[in-house]
Number of protein chains: 2
Amino acid sequence: MSDTTYTIKQIADIAGVTTRTIRYYDQIDLLKPADIRVNGYRYYDRSSLLRLQQIMFFRELDLPLEDIRSIVNRPDFDLIDALKKHRITLQKQQTRLQRLLRTLDQTIDSLTGTGEMSEKDYFAGFDQSQYEEEVRARWGNTYQTTQSQQKWASYSPQQQEEIKAQSGQLIMRMVGSDPSASPEDAAIQQAVGEYFDYLNRYFYTCDLEFFRGLADMWVSDPRFAVNYERVRPGGAAFVREAVHHYCDTH
Amino acid sequence: MSDTTYTIKQIADIAGVTTRTIRYYDQIDLLKPADIRVNGYRYYDRSSLLRLQQIMFFRELDLPLEDIRSIVNRPDFDLIDALKKHRITLQKQQTRLQRLLRTLDQTIDSLTGTGEMSEKDYFAGFDQSQYEEEVRARWGNTYQTTQSQQKWASYSPQQQEEIKAQSGQLIMRMVGSDPSASPEDAAIQQAVGEYFDYLNRYFYTCDLEFFRGLADMWVSDPRFAVNYERVRPGGAAFVREAVHHYCDTH
DNA sequence: CTTGACATTAACGTTACGTTAAGGTGTAAG
DNA sequence: CTTACACCTTAACGTAACGTTAATGTCAAG
């Protein structure tokens, strides 16, 4: 029976990690050497290797080392429960990542210009936004889900083109071109007022509070935000401030 | 025109972060105060707020602050390219997370005992393992993908039951019950040898090198690993060492 | 005996802040 | 005018899991 012993580098290479990792595991009492000789060298044996391989398995699952220590130290540890809890953590991460990827794709699309959002999508966005729940919670039934879409569909193609052009011009004016301008400047506020009227005329029956909420959404939902960011960096936040000021003073 | 200024707490509350965050952003030159008065207090203005909101947008996308600094500092920064690269990072994370979740589910299932892997799945696992590519790369066509499945299907239900029972007993014997035992102990090696014969008789035509590779897979693929872990923590790694020793000495 | 690969400890760097600690400032109420 | 109390400041340590030097000691081979 060969009494297999490993130096720190040997066991590290087998496990596919660096010697620093092995020393660190020693330091935090996760994997102690089987033997330390007079020269101060760490020596490991077969059971060390088995233990290390167990550690690697759980590490691959992104479990924190402290949890792993509990798992490998105490045989009576409730492993199943720990794994289930960990599963929930990973699940949340995944859900968040999916959301981020959607947001990112939309942002890239809009910045690239290829996926320019049509007016139809634009207003459909209001209705089917990922923030719909939030909007509903705030305004309840005063806000008709399909109101804007129905209204939009009732226009002739020609009318739709005209309305789109108006929207584009108003947005440009609301964002402005001067980075040093203030959202409270008269010209900006004028444009905001016109946009408010524009919304009421062609899409919603919307009061000032609802208008304010929309502006918040334009910032937090990238599908809208990019329309302003494209005009000027920081454009979305700028318009939000402008709308807030408008609502404060009317 | 109200010259809006904010104290550090005010701007932090608006952005939904702590004052520590704002101070940190000052420290790393990401967001400098608009003004520092004689009392040493930081004061921010509207443009600070807009900039901060831009920062928050990109932070939400998990972009590192250093990248964000480049984005908000230099208007000529290639934002689209940066976002596309970032997308790849997130995509990789997501793919990995999906894999981890699968592994975790399988591990939990097996530990719970509800999802006990049937023999059919067990050997189907060999064929359709996520490591199939790896296995193929190592043994090429000497390994017939469907060989084990066909062989298994050719047995009568009664025969299958007997074979399953044999497998269970052999696994128990290979893993052993003594945590201080060595994989090289005679009893263990005897069981390993019987398992090798068992595989050859009922499933594969498999040589020692292939047997060694299988043992590696039992450790790295949790669907197999848990069968050994259930017998005893560290069981999978133990069996691998035992099989390796067996192959070394035959 | 030298060379080169390997071993050791110590200590700082990483990311994006959280968390004290010790003390200064602003403002409103008594 | 004092006293609360909320707010501000800097400084410094803590986090997770190592990576990366730096300075130094040890072992095996030629």
Side-chain angles (χ1 to χ4, degrees), chain A residues 5-45 48 51-52 54-72 82 86 89-90 93 96 100, chain B residues 5-45 48 51-52 54-72 82 86 89-90 93 96 100:
Chain A
T5 64
Y6 309 99
T7 66
I8 193 168
K9 179 143 204 303
Q10 285 170 346
I11 202 175
D13 284 347
I14 293 174
V17 297
T18 68
T19 59
R20 176 67 171 102
T21 299
I22 305 296
R23 284 198 194 92
Y24 180 65
Y25 289 174
D26 179 5
Q27 185 186 327
I28 65 171
D29 292 332
L30 180 57
L31 180 72
K32 288 294 190 187
D35 186 22
I36 298 186
R37 297 197 194 147
V38 280
N39 54 14
Y41 284 23
R42 294 170 179 79
Y43 288 95
Y44 296 86
D45 62 9
S48 313
R51 190 184 164 96
L52 179 55
Q54 249 195 299
I55 293 169
M56 291 296 119
F57 177 79
F58 291 112
R59 194 185 73 153
E60 247 302 294
L61 293 176
D62 274 359
L63 275 163
L65 295 185
E66 199 174 329
D67 290 10
I68 298 182
R69 185 167 44 194
S70 299
I71 293 172
V72 296
H86 187 54
T89 307
L90 292 189
Q93 279 183 39
R96 174 158 184 276
L100 293 196
Chain B
T5 64
Y6 309 99
T7 66
I8 194 169
K9 181 147 202 302
Q10 286 170 345
I11 202 176
D13 284 347
I14 293 175
V17 298
T18 69
T19 60
R20 176 68 172 98
T21 301
I22 305 295
R23 285 199 193 91
Y24 180 64
Y25 288 176
D26 180 3
Q27 185 186 327
I28 65 170
D29 293 331
L30 180 56
L31 180 71
K32 287 294 188 187
D35 185 20
I36 298 185
R37 298 199 193 145
V38 281
N39 54 14
Y41 285 21
R42 294 171 178 81
Y43 288 95
Y44 296 86
D45 62 9
S48 313
R51 190 184 163 97
L52 179 55
Q54 250 196 299
I55 293 169
M56 290 297 118
F57 177 79
F58 292 113
R59 193 185 74 152
E60 247 302 294
L61 293 175
D62 273 1
L63 274 162
L65 294 187
E66 199 174 329
D67 290 10
I68 298 183
R69 186 165 44 194
S70 301
I71 292 172
V72 296
H86 186 54
T89 307
L90 292 189
Q93 281 183 38
R96 175 159 185 275
L100 293 195

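What's counted below: heavy atoms across the whole structure, side chains too, no hydrogens, waters or symmetry copies. By convention in this document, chain letters (A, B, ...) are assigned in the order of the sequence lines, proteins followed by strands, and residues within each chain are numbered from 1. As the structure is a prediction and not an experimental result, all values here were calculated from the model.
One can place CD of B:Q27 at 12 Å from P of C:dA16, the figure rounded to the nearest angstrom. The CG atom of A:D67 sits 11 Å away from the P atom of D:dA16 (whole-angstrom rounding). Distance B:E60 CD to C:dA16 P: 14 Å, rounded to the nearest Å. Atom CZ of B:R42 is separated from atom C1' of D:dT9 by 7 Å (rounded to the nearest Å). The interatomic distance linking A:L30 (CG) with D:dA16 (C1') rounds to 13 Å, in whole Å. Atom CD1 in A:I22 sits about 16 Å away from atom P in C:dC6, given to the nearest Å. Rounding to whole angstrom units, CD1 of residue A:I11 and P of C:dA7 are separated by 12 Å. A straight line from CG of B:D62 to P of C:dT15 spans 15 Å, rounded to a whole angstrom.
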Cut-off 3.5 Å, no hydrogens considered: what does the side-chain donor-acceptor table look like for residues 32-39 of chain B, sequence neighbours left out?
{"residue": "B:K32", "atom": "NZ", "partner": "B:D26", "partner atom": "O", "Å": "2.9"}
{"residue": "B:K32", "atom": "NZ", "partner": "B:D26", "partner atom": "OD1", "Å": "2.9"}
{"residue": "B:K32", "atom": "NZ", "partner": "B:D29", "partner atom": "OD1", "Å": "2.8"}
{"residue": "B:N39", "atom": "OD1", "partner": "B:Y41", "partner atom": "N", "Å": "2.9"}

Name every donor-acceptor pair, under 3.5 Å, that has one atom in a side chain of residues 57-65 of chain B and the other anywhere in the protein, sequence neighbours excluded.
{"residue": "B:D62", "atom": "OD1", "partner": "A:R96", "partner atom": "NH1", "Å": "3.4"}
{"residue": "B:D62", "atom": "OD1", "partner": "A:R96", "partner atom": "NH2", "Å": "3.0"}
{"residue": "B:D62", "atom": "OD2", "partner": "A:R96", "partner atom": "NH1", "Å": "3.1"}

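Shown here for A:A12 and A:T19, the closest heavy-atom pair between the two residues is CB-N, 4.1 Å.
Put simply, OH on A:Y25 and CD1 on A:I55 are 6.5 Å apart, with the number rounded to the nearest 0.5 Å. In this structure, CD on A:Q54 lies 11.0 Å from CG on A:L31, to the nearest 0.5 angstrom.
With sequence neighbours excluded, the residues that form a side chain to side chain donor-acceptor pair (under 3.5 Å) with A:R51 are A:N73. B:S70 pairs by the side chain to side chain donor-acceptor pair (under 3.5 Å) definition with nothing, not counting sequence neighbours. For B:T18, the side chain to side chain donor-acceptor pair (under 3.5 Å) partners are B:T21, not counting sequence neighbours.
Applying the salt bridge (charged side-chain N to carboxylate O under 4.0 Å, His left out) rule to pairs touching residues 13-23 of chain A yields A:K9-A:D13, sequence neighbours excluded.
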Just the table, please: protein N/O against nucleotides 18-21 of chain D N/O, every pair under 3.5 Å.
{"residue": "D:dC18", "atom": "OP1", "partner": "A:R59", "partner atom": "NH1", "Å": "2.9"}
{"residue": "D:dC18", "atom": "OP2", "partner": "A:Y25", "partner atom": "OH", "Å": "2.8"}
{"residue": "D:dG19", "atom": "OP2", "partner": "A:T18", "partner atom": "OG1", "Å": "2.7"}
{"residue": "D:dG19", "atom": "N7", "partner": "A:R20", "partner atom": "NE", "Å": "3.2"}
{"residue": "D:dG19", "atom": "O6", "partner": "A:R20", "partner atom": "NH2", "Å": "3.0"}
{"residue": "D:dT20", "atom": "O4", "partner": "A:R20", "partner atom": "NE", "Å": "3.2"}

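By the 4.5 Å heavy-atom criterion applied to side chains, B:T7 and B:Y43 are counted as neighbours. Counting heavy atoms from C-beta on, the side chains of A:L52 and A:Y44 never come closer than 4.5 Å.
Taking five base pairs at each end of the helix from C:dC1-D:dG30 to C:dG30-D:dC1 and finding the rotation axis that steps the C1' atoms of four pairs onto the next four gives two axes whose angle is 30°, to the nearest 10°.
A:R23 comes within 4.0 angstrom of a nucleotide base, judged by non-hydrogen atoms across all strands. If you check every strand for non-hydrogen atoms under 4.0 Å, B:I8 touches sugar and phosphate atoms only.
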Sugar-phosphate or base contact per nucleotide [nucleotides 22-30 of chain D; S, B, -; heavy atom under 4.0 Å]: ---BBS---

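The phosphate of C:dA7 has OP1 or OP2 within less than 4.0 Å of a side-chain N or O from A:T7.
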